[in-house]
Amino acid sequence: MTTPELPTQYTPADVETRSYSRWESEGYFRADPGSSREPYSIVLPPPNVTGVLHIGHALDHSIQDALTRRARMRGKEALWVPGMDHAGIATQNVVERKLGAEGLSRHDLGRQAFVEKVWQWKEESGGAILGQMRRLGDSVDWSRERFTMDEGLSRAVQTIFKRLFDDGLIYRAERIINWCVRCHTALSDIEVEHSEDDGELVSIRYSDEVVVATTRAETMLGDTAVAVNPADERYTHLVGTYVELPLTGRRIPIVADEHVDPAFGTGAVKVTPAHDPNDFEIGRRHSLPSLTVMDEHGVITAHGPFQGLDRFEARPAVVAALRAEGRIVAEKRPYVHSVGHCSRCKTVVEPRLSLQWFVNVGPLAKEAGDAVRDGRTRIHPPELAKRYFDWVDDMHDWCISRQLWWGHRIPVWYGPAGEVVCVGPDEQPPAGYTQDPDVLDTWFSSALWPFSTLGWPEKTADLSRFYPTSVLVTGYDILFFWVARMMMFGLYAMEGQPPFQVVALHGMVRDQYGKKMSKSFGNVVDPLDWIDRFGADATRFTLLRGANPGADVAVSEEWAAGSRNFCNKIWNATRFALMNGAAVGELPSDLTAADRWILSRLQHTIEAADAAFEEFEFAKVSDLLYHFAWDEVCDWYLELAKIQIAEGRTGTRLVLGHVFDALLRLLHPLVPFVTEELWQAVTGGTSVMVAQWPVADPRYRDPAAESEITALQELVTEVRRFRSDQGLKPGQRVAARLGLSGTALAAQEAAIRSLLRLEEPGDGFSATARFAVAGVSVEIDTAGAIDVVAERKRLEKDLAVARKEAAQVSAKLGNEQFMAKAPEDVVAKVRARATQSGEDIARLEAQLAALPAG
RNA sequence: GGACGAUUAGCUCAGCGGUAGAGCACUCGCCUUACAAGCGAGGGGUCACUGGUUCGAACCCAGUAUCGUCCA
């Protein structure tokens with residue numbers, strides 16, 4: 001391949017679209033279940049079809065893409081399954097809002113027409129997400145793209161529902177559920193967000209001796225008892241008696257219940273079984289009637305004067321009426337207490353007695369916990385496993401019915417005489433039966449994702465090959481929402497095989513001050529904006545570089561710019577290598593110390609990168625490749641290579657080719673685009689995507705070369721420091737005498753002189769400064785008086801450091817306890833430091849003494 | 001109310017018993033023929049606080065404070 005003319009700046013837009021289309025058309029993303037390779041599979045956590053990908057998705061995808069690309073390069077049959085979920089409430093809300101703008105409601109259209117509208121919207125919205133994924137570089141197998149509402153997945157939903165129903169794990173019951181009065185549907189516990197809100201605490205006198213406190217005064221209309229703790233002596237004599245409920249005239253009993261906290265308020269609580277989960281339980285224990293006083297809109301349905309009032313209008317109205325009767329004995333406003341809100345629309349959730357479908361999670365949750373306990377699935381980082389156990393070990397039954405139109409219709413049909421029939425995928429309901437109008441919670445279908453996407457319930461080749469999946473990558477925020485549910489259903493449907501070998505959790509993306517991103521705060525980053533401005537690689541690298549396991553990731557524009565600079569650095573370094581004929585081939589036998597050093601460092605880097613990848617330490621992988629590339633390859637090896645090339649060492653081009661070939665392959669999973677472009681140029685290969693992942697070769701380990709180059713770096717850095725302190729311009733050549741003979745650097749004189757712009761001492765050589773470093777004496781003729789003040793300052797600073805070191809170290813050596821108890825190698829190290837600091841002090845003192853007065 | 005996590009350089013974070021680190025920001029000098037999206041040099045930290053364990057603590061233990069998250 002001829003050396004291409006590469007521009008001096010990397011322009012991501014030029015290569016990204018081109019590379020992605022080529023990868024796709026070449027079929028590199030496709031997995032073959034029939035191959036003999038070891039499988040490696042990931043299912044993408046399906047984004048909501050209604051939304052767009054935010055920077056958090058970009059992090060999630062970058063991690064998965066890095067894992068998938070590395071696995072593919074390591075010769076695995078790598079499969080990354082893409083898709084989206086139908087997001088029941090969210091999607092229905094969006095479409096209803098659009099209809100609302102035209103003055104229509106879903107009821108105007110009717111169920112069938114409305115659902116058709118939603119499908120239209122899904123095509124529009126979902127397309128945007130797919131475009132974003134391509135821009136990010138996601139190497140997903142598009143031929144296997146799935147949607148939770150598509151035919152196969154709907155069949156999976158119906159199949160598992162039927163099985164669970166037949167096993168008695170799905171039931172219908174009247175329970176207190178979380179009701180959203182705006183979305184008009186039941187919600188599960190985890191779809192309710194609690195926040196500390198200002199409210200009021202009103203104490204109401206029910207009788208001379210009974211005062212109750214409540215934050216929801218309007219619910220007193222539905223009270224059917226007052227409860228006290230059985231051990232509370234203040235009320236013992238009242239248990240079993242009745243009080244008259246104010247405003248209503250109803251007589252309600254006073255019951256004793258252990259769950260009443262005698263320390264709260266007066267120790268007596270009102271009991272409203274139809275409108276409070278705790279009260280519902282008390283009601284059950286004492287066979288109290290449940291009295292519903294509110295409809296599904298949150299409007300009061302009982303008691304003349306309040307009937308027709310919204311719950312928030314009824315509250316002050318009820319309090320006013322009670323006050324008029326002299327019943328209000330205390331009011332606290334504001335009273336901060338925890339209030340539940342619909343996670344979708346933020347409306348205050350109303351606990352409501354209602355007939356719903358539930359999953360009996362008992363046996364499923366136990367199995368989900370056990371699978372992690374016995375190691376079938378590993379949660380990473382392990383600290384987060386506790387949160388998982390806390391959840392699955394104390395899980396409440398899961399309310400799965402939703403009063404929506406968009407979603408999987410519950411496959412249960414009712415007969416004229418109240419018969420209930422659950423219908424499987426290939427069955428027909430009996431004639432004259434009508435189907436349950438409700439749909440299933442979206443998470444019900446998402447919970448099947450790791451196997452429904454692979455073809456379950458059919459016994460497909462994909463399923464047998466790629467299940468259980470290798471790893472699930474997702475944020476710790478949906479450990480309960482989603483992970484626990486996939487574990488339950490996966491273990492149930494797949495006979496004890498959990499859906500993932502590893503669950504790798506990452507954190508949330510935050511701004512540069514660690515603040516949560518929010519639209520109202522205005523600190524939201526749009527991944528497409530960054531991709532446009534900095535490139536997809538820089539966007540990915542910024543996120544990965546901050547991704548420590550389970551921890552949040554802070555990002556900012558400055559850091560994205562830094563990542564772009566890194567990509568540009570790689571671009572220019574490779575450009576340099578190509579300009580000097582870098583080529584891949586058998587390495588020459590006469591390698592220089594610099595060559596052997598960089599090859600040795602490469603082995604370290606490969607091993608460290610592998611180790612970090614295995615532990616999902618993406619920040620570490622990024623950081624170590626960054627430093628190998630920039631500090632070692634660019635700052636040192638390329639500079640040394642320039643000298644070798646000038647000396648006519650043609651073998652250098654093969655070392656350059658070898659190093660860049662490996663480096664670009666190592667970087668490819670993180671920054672796929674720039675590495676593809678450059679790797680093809682260096683190697684002439686088809687695609688780095690299908691190149692082999694580098695394998696560390698211990699034969700290239702070379703401690704001797706490493707210590708030689710380390711010494712060179714020390715010497716060069718020290719002389720540069722001298723030059724800088726003396727105000728010598730970088731390009732200014734000065735004469736110097738180097739005492740290299742007999743040192744490890746004897747062979748490096750040419751390189752050292754070149755790096756430091758040091759000329760051979762000429763006839764009139766007269767050293768104006770002398771010092772030693774790494775065992776090498778350096779005498780420099782600065783061609784003029786040196787800056788004595790600067791030099792004295794430099795030496796005194798070094799001397800202070802050396803003296804401090806000597807003091808610390810001799811204190812240790814003088815400590816009998818330390819000498820007796822510290823391990824041998826530690827003592828030896830301290831002794832060496834003592835020797836070194838002693839020599840440094842003597843040398844520096846001599847230099848200071850030799851300095852002309854100034 | 002319960003649980004967990006955090007507290008290290010101006011900012012964001014690594015390090016988790018044996019000489020305090022990175023990126024960005026900052027200061028100084030440089031258009032040195034790959035790169036100014038760059039090169040070289042430099043400044044900057046009683047590792048939240050108080051005790052304890054240890055020859056030795058940023059690191060282990062106990063407590064305190066502050067912040068954050070989740071659950072109720």
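Throughout, protein chains are lettered first and strands after them, A, B, ... in sequence-line order, and every chain is numbered starting at 1.
- At B:rC71, none of the side-chain N or O atoms of A:Arg387 fall inside 4.0 Å of OP1 or OP2 (strictly under the cut-off).
- Looking at the side chain of A:Tyr513, the nearest of the listed nucleotides B:rA14, B:rA34, B:rC11 is B:rC11.
- Using modelled atom types, one finds no donor on one side chain facing an acceptor on the other under 3.5 Å when comparing A:Tyr10 with A:Asn565.
- Remark: the A:Tyr637 side chain and the A:Asp595 side chain contain an N/O donor-acceptor pair separated by less than 3.5 Å.
- When the C1' atom is compared between B:rC24 and B:rC60, the two are found 33 Å apart, to the nearest whole Å.
- Side-chain nitrogen and oxygen atoms of A:Asn568 include none within less than 4.0 Å of the OP1 or OP2 phosphate oxygen of B:rC35.
- Between the NZ atom of A:Lys386 and the P atom of B:rC71 there is a distance of 14 Å, rounded to whole Å.
- A:Lys793 has no carboxylate O lying under 4.0 Å from a charged side-chain N of A:Glu796, or vice versa, which leaves the two without a salt bridge.
- As judged by a 4.0 angstrom heavy-atom cut-off over every strand, A:Leu638 is placed among the base-contacting residues.
- The distance from atom CG of A:Leu728 to atom P of B:rG40 is 17 Å, rounded to the nearest whole Å.
- In this structure, the CH2 atom of A:Trp571 is 17 Å from the P atom of B:rA37, given to the nearest Å.
- Here ring-ring contact (aromatic ring centres under 6.0 Å, His included) pairs that include residues 794-829 of chain A, with residues two or more places apart or in two chains, number zero.
- Legend: residues meeting salt bridge (charged side-chain N to carboxylate O under 4.0 Å, His left out) with A:Arg757, ordered by chain and number and at least two apart, are absent.
- Taking atom C1' in both B:rC49 and B:rA41, the straight-line distance is 38 Å, to the nearest Å.
- One P atom belongs to B:rG42, the other to B:rA34, and the distance between them is 24 Å to the nearest Å.
- Among the protein residues, A:Cys634 comes within range of the nucleic acid bases, having at least one heavy atom under 4.0 Å from a base atom.
- We find that CD of A:Gln644 is positioned 17 Å from C1' of B:rA34, with the value rounded to whole Å.
- Dashed line: the shortest gap from a side-chain N or O of A:Lys829 to OP1 or OP2 of B:rU19 is not under 4.0 Å.
- Nearer to the 5' terminus of RNA chain B, by closest-nucleotide assignment, is the contact made by A:Val555 (compared with the other of A:Val555 and A:Phe576).
- A:Gln9 comes within 4.0 angstrom of a nucleotide base, judged by non-hydrogen atoms across all strands.
- With sequence neighbours excluded, no residue forms a ring pair (Phe, Tyr, Trp, His ring centres under 6.0 Å) with A:Phe628.
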Between the protein and nucleotides 21-25 of chain B, which nitrogen or oxygen pairs come in under 3.5 angstrom?
{"residue": "B:rA22", "atom": "O3'", "partner": "A:His627", "partner atom": "NE2", "Å": "3.3"}

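- Checked for salt-bridge contact, A:Arg564 and A:Glu557 miss the test: no charged N lies under 4.0 Å from a carboxylate O.
- B:rG15 and B:rA6: their P atoms are spaced 11 Å apart (whole Å).
- We find that A:Arg833 and A:Glu805 are joined by a salt bridge, their nearest charged nitrogen and carboxylate oxygen being less than 4.0 Å apart.
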Per-pair distances, 0.1 Å, donor-acceptor, side chain in residues 611-620 of chain A, under 3.5 Å, sequence neighbours excluded:
{"residue": "A:Glu614", "atom": "OE2", "partner": "A:Arg70", "partner atom": "NH1", "Å": "3.3"}
{"residue": "A:Glu614", "atom": "OE2", "partner": "A:Arg70", "partner atom": "NH2", "Å": "3.1"}

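- Among the heavy atoms of the strands, none lies under 4.0 Å from A:Asp394.
- A:Thr717 comes within contact range of the sugar-phosphate backbone alone, with a heavy-atom separation under 4.0 Å but no base atom that close.
- The aromatic rings of A:Phe534 and A:Trp530 lie perpendicular to each other, with more than 60° between the two planes, well past the 30° mark.
- For A:Pro730, taking side-chain heavy atoms from C-beta onward, the closest of the listed nucleotides B:rA34, B:rG18, B:rG29 is B:rG29.
- Spacing between B:rC26 and B:rC16 at atom C1', rounded to whole Å, works out to 30 Å.
- For A:Glu791, the salt bridge (charged side-chain N to carboxylate O under 4.0 Å, His left out) partners two or more places apart in sequence, or in a different chain, are A:Arg794.
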Show me the protein contacts with nucleotides 5-9 of chain B, counting only N or O atoms at under 3.5 Å.
none

Treat a base pair as Watson-Crick or G-U wobble with both distances under 3.5 Å, then lay out RNA chain B in dot-bracket form, 5' to 3', with | for cross-strand pairs. ((((((((.[[[[.)..(..]]]].(((((.......))))).....[[[[[..)....]]]]]))))))).
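- Residues passing the salt bridge (charged side-chain N to carboxylate O under 4.0 Å, His left out) test with A:Asp840 are A:Arg843, sequence neighbours excluded.
- In this structure, A:Trp636 and A:Glu639 both approach RNA chain B, and ranking their closest nucleotides by distance from the 5' end singles out A:Glu639.
- Not counting sequence neighbours, A:Asp477 has no partner by the salt bridge (charged side-chain N to carboxylate O under 4.0 Å, His left out) test.
- A:Asp631 and A:Trp636 share no donor-acceptor pair across their side chains, judged by distance under 3.5 Å alone.
- When heavy atoms are screened at a 4.0 angstrom cut-off, A:Lys642 is found touching base atoms of the nucleic acid.
- Side-chain to base pairing of A:Lys569 with B:rC35: one donor and one acceptor N or O lie within less than 3.5 Å of each other.
- With respect to A:Lys829 and A:Asp825, no salt bridge is recorded, no charged nitrogen being found less than 4.0 Å from a carboxylate O.
- Side-chain atoms of A:Arg564 come within donor-acceptor range of the base of B:rA37, with a qualifying N/O pair under 3.5 Å.
- Taking atom CG of residue A:Asp477 and atom P of nucleotide B:rC70, one finds them 9 Å apart after rounding to whole Å.
- Counting only residues at least two apart or in different chains, ring-ring contact (aromatic ring centres under 6.0 Å, His included) contacts with residues 712-733 of chain A comprise A:Phe722-A:Phe771.
- If you check residues 808-818 of chain A against RNA chain B, the residues with a heavy atom closer than 4.0 Å are A:Asn815, A:Gln817, A:Phe818, listed by number.
- We find that CG of A:Leu756 is positioned 21 Å from P of B:rG29, with the value rounded to whole Å.
- With B:rC13, B:rA37, B:rA34 as the choices, the nucleotide that has an atom nearest any side-chain atom of A:Ala554 turns out to be B:rC13.
- One finds the CD atom of A:Glu558 at 11.5 Å from the OG atom of A:Ser563 (value rounded to the nearest 0.5 Å).
- Here B:rC39 is the nucleotide among B:rC35, B:rC39, B:rA41 with the atom lying nearest to any side-chain atom of A:Asp635.
- Nucleotides B:rC35 and B:rC70 have their P atoms positioned 50 Å apart, rounded to a whole Å.
- B:rU69 and B:rA25: their P atoms are spaced 29 Å apart (whole Å).
- Using a 4.0 Å heavy-atom distance criterion, A:Asp825 is classed as making no nucleic acid contact.
- A gap of 14 Å separates the C1' atoms of B:rC31 and B:rG40, to the nearest Å.
- If you check B:rC55, B:rA34, B:rA41 against the side chain of A:Lys821, the one that comes closest is B:rC55.
- Closest to the side chain of A:Ala822, out of B:rG18, B:rA41, B:rA3, is B:rG18.
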